[in-house]
Amino acid sequence: TYVVTDACIRCKYMDCVEVCPVDCFYEGENMLVINPSECIDCGVCEPECPAEAILPDTESGLEKWLELNATYSAEWPNITRKKDSPPDADEHKGEEGKFEKYFS
Ligand code: SF4
Ligand code: F3S
């Protein structure tokens with residue numbers, strides 16, 4: 001599966017949802033997540049994200065994000081259409097420590 005990481009937080013560009021063939025993105029207030037049991041591993045979303053927030057879970061050190069994606073995709077609503085990103089999205093692009101600062 002692919003997972004959304006903290007680079008998405010407060011950026012929410014949502015280009016990812018437009019390309020996913022199985023519509024497996026879910027929307028929280030500050031970030032999106034992928035449902036790992038629905039993702040078919042096609043990889044098309046990864047290069048679409050301007051924040052480089054999407055990674056394959058085969059990369060090391062992503063256990064925390066895999067767990068977070070699994071947990072919140074069961075709680076948050078499905079999203080299939082791109083909406084407006086936060087007005088200050090670009091200011092948060094590449095910012096360090098976004099999970100600790102903003103994820104609640
Ligand atoms: Fe959707 Fe493919 Fe990305 Fe999985 S890898 S979330 S199926 S676009
Ligand atoms: Fe987030 Fe990137 Fe999608 S910033 S909403 S994972 S395009």
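In each ligand, atom 1 is the first atom listed, and ligand 1 is the first ligand listed. As the structure is a computational prediction, the values presented were derived from the model and not from experiment.
- Salt bridge Arg10/Glu91: absent, no basic N to carboxylate O contact under 4.0 Å.
- The local environment of CG in Asp41 is crowded, with over 12 non-hydrogen atoms from other residues, nucleotides or ligands closer than 6.0 Å.
- Pro47 meets the side chain to side chain contact (heavy atoms under 4.5 Å, CB included) test with no other residue; sequence neighbours excluded.
- Residue-environment remark: CD (Glu96) stays at or below the threshold of 12 foreign heavy atoms within 6.0 Å.
- For atom 1 (Fe) of ligand 2, the count of nearby protein N, O or S atoms, meaning those under 2.8 Å away, is 1.
- Minimum interatomic distance between Ser73 and Ala70 (heavy atoms only, all atoms of both residues): OG-O, 3.2 Å.
- Residue contact check: Gly43 has heavy atoms under 4.0 Å from atoms 2 (Fe), 5 (S) of ligand 1.
- Counting only distance, with no hydrogens or angles, the side chain of Thr71 and the backbone of Leu68 share no donor-acceptor pair below 3.5 Å.
- Connection of Val19 to Tyr26 is not established within any shared hydrophobic cluster, with ILVMFWY side chains joined at heavy-atom distances below 4.5 Å, either directly or through further cluster members.
- Pairs engaging residues 83-104 under the ring-ring contact (aromatic ring centres under 6.0 Å, His included) rule: Trp65-Phe99, Tyr72-Phe103, His92-Tyr102, Phe99-Phe103 [sequence neighbours left out].
- Around atom 1 (Fe) of ligand 1, the protein atoms of type N, O or S found under 2.8 Å away are Cys20 SG, listed by chain and number.
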Exercise. So Lys98 and Cys11, side chain to side chain contact (heavy atoms under 4.5 Å, CB included) or not? Walk me through it.
Worked result: CA-CA 10 Å; Lys98 291 201 280 187; Cys11 284; 3.5 Å; yes

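- Asn69 places no side-chain N or O within donor-acceptor distance of the main-chain N or O of Val3, the cut-off being under 3.5 Å.
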